[in-house]
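Working notes, structure below.
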Amino acid sequence: GGSVRVYIKRKQFLSMPRVQIESAFDIKAWAKEAGQQRLNLIKAILLAKQTGGRIFGVGCPSRAVSLIHWAGLEPFLDCVCELPGSPKVGCYVPGTRLEIVGESILFGDGQPEFCLLLSWHLGDGLMKTLRAKGFRGEFLVPLPTAKVV
């Protein structure tokens with residue numbers, strides 16, 4: 001979580017009496033770290049694919065769409081799963097050819113070897129819920145640091 005508010009003005013410092021500077025923000029360091037996190041995620045996904053694993057995305061909040069496009073994940077995902085009854089089921093992730101399907105596909109005989117948690121901010125609870133429903137594979141947690149659980 002958190003927010004960044006940026007004001008830009010040519011040649012002069014823009015003074016805003018109501019704005020307080022909470023901490024210095026180094027955009028170059030942030031961009032380097034973000035790029036490294038992207039590479040770590042792609043490496044984890046490639047390793048999963050090399051073992052013959054299928055990867056289904058789980059959850060489709062707007063943050064998932066941003067992650068899929070930013071990291072270039074479309075070619076690695078077979079589909080994205082969403083809760084039953086969601087109006088998103090039967091549609092596609094915006095800007096991709098990734099179909100959004102009901103999550104029941106995760107619990108039968110054809111379940112994937114890996115689930116990429118696209119609602120990573122709810123990761124711990126989501127993993128417990130999916131295990132309780134019968135998912136036997138491994139979880140890929142994309143952020144804040146990519147890992148296989």
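Small disclaimer: the values here were computed from a predicted structure and weren't measured.
Scanning for side chain to side chain donor-acceptor pair (under 3.5 Å) contacts around Glu138 gives an empty result, with sequence neighbours left out. With sequence neighbours excluded, the residues forming a ring pair (Phe, Tyr, Trp, His ring centres under 6.0 Å) with Phe135 are Phe139, listed by chain and number. Not counting sequence neighbours, the partners of Asn40 by the side chain to side chain donor-acceptor pair (under 3.5 Å) test are Gln36. Applying the side chain to side chain donor-acceptor pair (under 3.5 Å) rule to Glu74 yields no partners; only residues at least two apart in sequence or on another chain are considered.
Leu73 and Leu47 end up in different hydrophobic clusters when Ile, Leu, Val, Met, Phe, Trp and Tyr side chains are linked at under 4.5 Å.
The two residues Pro112 and Ile105 come nearest to each other via the heavy atoms CD-O, 4.4 Å. Scanning both residues, Leu77 and Gly57, for their nearest heavy atoms gives CD2-N, 4.3 Å.
Contact check for Trp30 versus Lys32: no side-chain heavy atoms found under the 4.5 Å cut-off. Here the side chains of Val89 and Val101 are not in contact, with every heavy-atom distance at 4.5 Å or above. Taking 4.5 Å as the limit, some side-chain heavy atom of Leu67 sits within range of a side-chain heavy atom of Leu143. Looking at Thr145 and Gln37, their side chains come closer than 4.5 Å, going by heavy atoms from C-beta outward. At a threshold of 4.5 Å between non-hydrogen side-chain atoms, the residues Leu106 and Val58 count as touching.
Annotation: side-chain hydrogen bond (donor to acceptor under 3.5 Å, both in side chains) contacts involving residues 100-111, sequence neighbours excluded, comprise Glu103-Lys133. Applying the side-chain hydrogen bond (donor to acceptor under 3.5 Å, both in side chains) rule to pairs touching residues 88-101 yields nothing, sequence neighbours excluded.
With Arg54 contributing its side chain and Gly110 its backbone, the two residues share a donor-acceptor pair below 3.5 Å. Looking only at distances, no side-chain donor or acceptor of Lys147 sits under 3.5 Å from a matching main-chain atom of Pro142.
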